[in-house]
Amino acid sequence: MSAPAGTIHIYNTLTRRKEPLATIEPGRVRMYVCGVTPYDAAHIGHGMSTTVFDVIRRYLEHRGYAVRHVQNFTDIDDKIIARANAEGIDPNELTEGLIAQWHAETAVLNALPATVYPRATQEVGPIVAMIEGLIANGHAYEVEGDVYYKVRSFPDYGKLSGRDLDDLLSGARIEVDERKADPLDFALWKAAKPGEPSWQSPWGPGRPGWHIECSAMSSTYLDGEVDIHGGGADLIFPHHENEIAQSEAFLGRQPFARYWVHNGLVRLGGEKMSKSLGNFVRLREILDRGLGPAFRLMVLQGHYRAPLTYTEEGLLAAERGLGRLRAAADPAPNGLPSDPVPPGLGTPAGPTGADLEQAAAEADRGFHEAMDDDFNAPVAVAALFDLARVVNRARAEGTPPGAVEPARRKLVELAGVLGLTLDPLTPDGAGDAGPFVDLLLKVRGELRAAKQWALSDMIRDELAGLGIAVEDTAQGASWERRRG
RNA sequence: GGCGCCAUAGCCAAGCGGUAAGGCACGGGUUUGCAAAACCCUGAUCGGCGGUUCGAAUCCGCCUGGCGCCUCCA
């Protein structure tokens, strides 16, 4: 095992600086990541966010923290109601299906499941209680069945997004609702319109506003105080700003969350990808092609706070790179058995076991230094590639498998910390065709033995056309299914 | 109009004061019956102009070009 020693530093959107991680409880991290509003299929922006926070969580756990990871579903809102109406189904039916799909897709992405997945519709009690508290302490008011948050009552409003209330007003893109005391006030509770799903409340039937559910759920599931509060950069304003206003006004203390962490947004064609712009790629399109791992690597090769420019070319480049890592991580490359020769003994050629152990130690150190520094995954990944090169070179130069093994294991271990599984592709992916491919290659082996090059090459070319890559080695032919 | 971010080799992308990580692609090799895979070699002075400094891609100013938020959004 590795023995990381440094302190983890995290960039905090609130202070705009990297800060050493100091958790509320030693050895424990309370992490709240804003989940989705399930009204449509997940796109790759959700995939990026999921991957980013999965890696953060995995790394924290790797460093010994017990992470309580809460991720919500905001399963009631205008868009859900509109979509359900359009499809002629109940909103619950819509969200149930999409939430099930979400779980399936994030599992394929190899994201660890959250500790808890609370849903807004199942937390109405705590939500109502919080709104009542905000009215009681003067931070909210009711108007005709709606309840609004009084933005001017919270002096710190704007501290997360760096905004000034008067500047916001001059933005002038806020709809004027004469019933609100201030145009910037936002809804905590919306009175039900005819035909809409609703819950009973002291202000009549209605439903929660957009931001209050996260305040209530983080309070309920993380005892009102959060270590890491995360989400996409597009949530900084107004969502997280409003969450702070609600939670800190309600709890009467601050900070409600210590570290605000935001991932950069996926760009497509030079601009932000989003459902509202209509320029999105569904996550499923990538997963169905078996490129989930490549997607993860693509995300990891950029910094989590920087925007990620998504292109098909970039995804395939990641898949190629992943292939190299997989080759190095393969315990029995090209059919070679990984014999149990002790490291450092009688190495006839190539780097010695000691060389490889040193390379593994260097990779380990580089990896942890990078990840400790605000989860600098691209640098950590570079350490993986460096180690992979050392492993492949050693094999090429004749270092015995046993001497290579420690470095190979280190590669698999570190990749695993990032959620990258480096299993070889060979067995899966071809389904029932596997035995037939084996048979063809057996025949081809006979042809090659007889130097029937034209025929044997034809078999190889035809298989390539079917997406099966054949490689000849000293130990015979191996094959794998190409992804992409 | 307000707030903020970015501009690094063909593409993607780290670095954030001491003389440019990594990935993909391209080209040249080694290996191979030929391939593939793997390995080796090869490429940038960091958008432009000034300034600070012994020293700047890294700090400051201006310019140009992108982008995000201010409205639902991971």
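Scope of the values below: all heavy atoms of this structure, side chains included, with no hydrogens, waters or symmetry mates. Just so we're on the same page: letters track the sequence lines, and every chain starts at 1.
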**Prompt:** Would you say B/rG23 has OP1 or OP2 under 4.0 Å from some side-chain N or O of A/R389?
**Reply:** yes

**Message:** At less than 3.5 Å, do the side-chain atoms of A/R460 and the base atoms of B/rC34 form a donor-acceptor pair?
**Reply:** yes

**Message:** Counting the atoms with a prime plus P, OP1 and OP2 as sugar-phosphate, which does A/N376 contact under 4.0 Å by heavy atoms, base, sugar-phosphate, or nothing?
**Reply:** sugar-phosphate

**Message:** When you measure from the side-chain N and O atoms of A/R326 to the phosphate of B/rA37, is any distance below 4.0 Å, counting only OP1 and OP2?
**Reply:** no

**Request:** Look at the side chain of A/D457 against the base of B/rG33 and say whether a donor-acceptor pair falls under 3.5 Å; ignore hydrogens and angles.
**Result:** yes

**Asked** Will you find, in the side chains of A/H69 and A/T115, an N or O donor that is under 3.5 Å from an N or O acceptor?
**Response** no

**Item:** Candidates B/rG23, B/rC24, B/rC39 - which lies nearest the side chain of A/F385
**Value:** B/rG23

**Complete:** Ranking B/rG22, B/rC70, B/rC11 by distance to the side chain of A/F237, first place goes to B/rC70

**Message:** Is there a side-chain contact between A/T309 and the phosphate of B/rA13, meaning an N or O under 4.0 Å from OP1 or OP2?
**Reply:** yes

**Asked** If each of A/H46 and A/P307 is mapped to the nucleotide of RNA chain B with the nearest heavy atom, which maps nearer the 5' terminus, i.e. the 5' end?
**Response** A/P307

**Asked** Are A/W453 and B/rG33 stacked, counting the six-membered base ring, centres under 5.5 Å, planes under 30°?
**Response** yes

**Message:** If you only use heavy atoms from C-beta on, which nucleotide in B/rA13, B/rG22, B/rA74 is closest to the side chain of A/P378?
**Reply:** B/rA13

**Asked** Can you check whether A/R324 has a side-chain N or O nearer than 4.0 Å to OP1 or OP2 of B/rC24?
**Response** yes

**Complete:** pair_partner(B/rC39), Watson-Crick or wobble, both distances < 3.5 Å, evaluates to B/rG29

**Prompt:** Is a donor-acceptor pair below 3.5 Å formed from side chain A/R267 to base B/rG68, judging by atom type as modelled?
**Reply:** no

**Asked** From B/rA36, B/rC70, B/rA74, pick the nucleotide closest to the side chain of A/D234?
**Response** B/rA74

**Prompt:** Within the pair A/R448 and B/rC34, is there a side-chain N or O less than 4.0 Å away from OP1 or OP2?
**Reply:** no

**Message:** Show, in sequence, the C-alpha distance, side-chain angles and deciding distance for A/D54 and A/R296, and conclude whether the salt bridge (Lys or Arg N to Asp or Glu O under 4.0 Å) test is met.
**Reply:** CA-CA 10 Å; A/D54 180 60; A/R296 176 174 283 257; 2.7 Å; yes

**Complete:** Applying the 3.5 Å cut-off to both distances, the Watson-Crick or G-U partner of B/rA44 turns out to be none

**Prompt:** Closest nucleotide of RNA chain B for A/G321 versus for A/A396: which of these residues is on the 5' side?
**Reply:** A/G321

**Message:** Within the 4.0 Å heavy-atom criterion, would you say A/G35 contacts the bases, only the backbone, or no part of the nucleic acid?
**Reply:** sugar-phosphate

**Between B/rG47 and B/rA20 - P atom distance, rounded Å** = 15 Å

**Request:** Return the orientation label for the A/W260 and A/H240 ring planes: parallel under 30°, perpendicular over 60°, tilted otherwise.
**Result:** tilted

**Request:** Quick one: sort the A/F280 and A/H43 rings into parallel, tilted or perpendicular, breaks at 30° and 60°.
**Result:** tilted

**Asked** What distance, rounded to whole Å, do you find between the two P atoms, one in B/rU64 and one in B/rA25?
**Response** 39 Å

**B/rA37 OP1/OP2 closer than 4.0 Å to side-chain N/O of A/N392** = no

**Item:** Under-4.0 Å side-chain N/O to phosphate OP1/OP2 contact, A/R163 with B/rC69
**Value:** no

**Complete:** Checking N1-N3 plus N6-O4 or O6-N4 for Watson-Crick, or N1-O2 and O6-N3 for wobble, each under 3.5 Å, the partner of B/rG18 is B/rC54

**Asked** How would you list, by chain and number, every residue that makes a salt bridge (charged side-chain N to carboxylate O under 4.0 Å, His left out) with A/D75, sequence neighbours excluded?
**Response** none

**Prompt:** Any luck finding a side-chain donor-acceptor pair between A/N242 and A/Y157 under 3.5 Å?
**Reply:** yes

**Under 4.0 angstrom between A/R393 side-chain N/O and B/rC40 OP1 or OP2** = yes

**Asked** Across all strands shown, which nucleotide pairs with B/rA7 by Watson-Crick or G-U wobble geometry, both distances under 3.5 Å?
**Response** B/rU64

